Amino acid sequence: MVPDLHNYRGRLAPSPTGFLHLGHARTFWVAAQRARSAGGKLVLRNDDLDAARFRLDFVDAMLEDLRWLGLAWEEGPDIGGPHAPYNQRDRRPHYRTALEKLHAAGLIFPCTHTRKDVLDAIGAPHEGAGDDEPVYPASFRPPADAPLPPLSDTISVNWRFRVPHGEELQFTDRCSGPQRAVAGRDFGDFLVWRKDDAPSYQLSCAVDDAAMQITEVVRGADLIRSTFRQLLLLRALGLPAPVYYHCPLMTDDRGERLAKRHDALSLRTLRAQGVTTEEIVAKFAASEP
Ligand code: GLU
């Protein structure tokens, strides 16, 4: 479907936690194509909040790989723009303000349960529990009328968003069609701030997509579940929601999902083997959703 949005603003939001692999690169290429065909703008946002996996050399490599692929952006950490800063590490005040709003509205609660506690409570296996957050058990929630402790300046406990249990949420994905999920069943109370004092991906992403006036989010289909969480956050914060275009994930010859750990398929490796930009782009164009 050709994007027909007025004043289209799209974004590339890579995480500098490894070298860009073919699967991610394809999603970014689709995002860039959609922005171009809509005559819109593309923003590069550096999703560098993951302190444990972040490396500065990955940021440089990521920008270089994207340029090598022929992608260009109108706003980003390397060129600035009206919505700077574009590194999430430098945007903490935005996330903190959002957290305080959610707190004032009584929509979040502190949680001392570990991931292991959650997995035990729902009887889920600890290994291979998937890359999505396990559904937080309702029995772990404090009562809705329990007094909320204040937010400390430095946060040392996990804070979760209280999802509207039983509410059916829907959106129409511009690539994958109508999507539905029931809050509390398909996903549960999710993290908005972590006990190591870092905002969660869900919160930072929702806040930034709105702050940077993104009109269409193009990303991998593995994030569809997260979209429901982000739509709830945007609603709670009174912020406009973009439309979404979730691309099917690229698979290898055996039908397995490409992941960053498949180093053989990083753009760097392919490049070192003599594969050209044109060959990669031709492959992407042939597999365009
Ligand atoms: N930074 C995320 C990633 O590289 C993508 C986030 C998003 O597109 O919302 O997987």
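In what follows, every heavy atom counts, from backbone to side chain, and hydrogens, waters and symmetry copies are set aside. Since the model is a prediction, treat every value here as computed from it, not as a measurement.
Between the side chain of Arg225 and the backbone N or O of Asp186 there is at least one donor-acceptor pair closer than 3.5 Å. Asn158 places a side-chain N or O within donor-acceptor distance of the main-chain N or O of Lys195, the cut-off being under 3.5 Å.
A salt bridge does not link Glu168 with Arg185: every distance from a Lys NZ or Arg NE/NH1/NH2 to an Asp or Glu carboxylate oxygen is 4.0 Å or more. Using a 4.0 Å cut-off between charged side-chain N and carboxylate O, Asp209 and Arg45 make a salt bridge. Looking at Arg89 and Asp47, no side-chain N of the basic residue comes within less than 4.0 Å of a carboxylate O on the acidic one, giving no salt bridge. Using a 4.0 Å cut-off between charged side-chain N and carboxylate O, Glu75 and Lys41 make no salt bridge.
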- Any chance you could lay out the ring-ring contact (aromatic ring centres under 6.0 Å, His included) test for Tyr136 and Phe140, step after step, and finish with the verdict? CA-CA 7 Å; Tyr136 192 75; Phe140 281 6; 5.8 Å; yes
- Taking it one step at a time, do Gln33 and Val30 satisfy side-chain contact (heavy atoms from CB on, under 4.5 Å)? CA-CA 5 Å; Gln33 291 291 108; Val30 172; 5.5 Å; no
Side chains of residues 143-155: which donor-acceptor pairs under 3.5 Å do they make with residues two or more places apart or in other chains?
from: Ser152; atom 1: OG; to: Thr154; atom 2: O; distance (Å): 2.7

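In summary, the side chains of Gln88 and Asn46 do not present any donor paired with an acceptor at a separation below 3.5 Å, with no hydrogens or angles considered. Checked by atom type, the side-chain pair Tyr201/Glu133 shows no donor-acceptor distance below 3.5 Å.
Using a 30° and 60° split on the angle between ring planes, Phe190 and Phe187 fall in the tilted class, from 30° to 60°.
A 4.5 Å side-chain heavy-atom check between Lys283 and Met250 finds at least one atom pair inside the cut-off. Contact annotation: the side chain of Asp189 approaches that of Phe109 to within less than 4.5 Å [non-hydrogen atoms, C-beta and beyond].
Tyr244 pairs with exactly one of Glu216, Arg174, Arg219 by the side chain to side chain contact (heavy atoms under 4.5 Å, CB included) rule, that one being Arg219.
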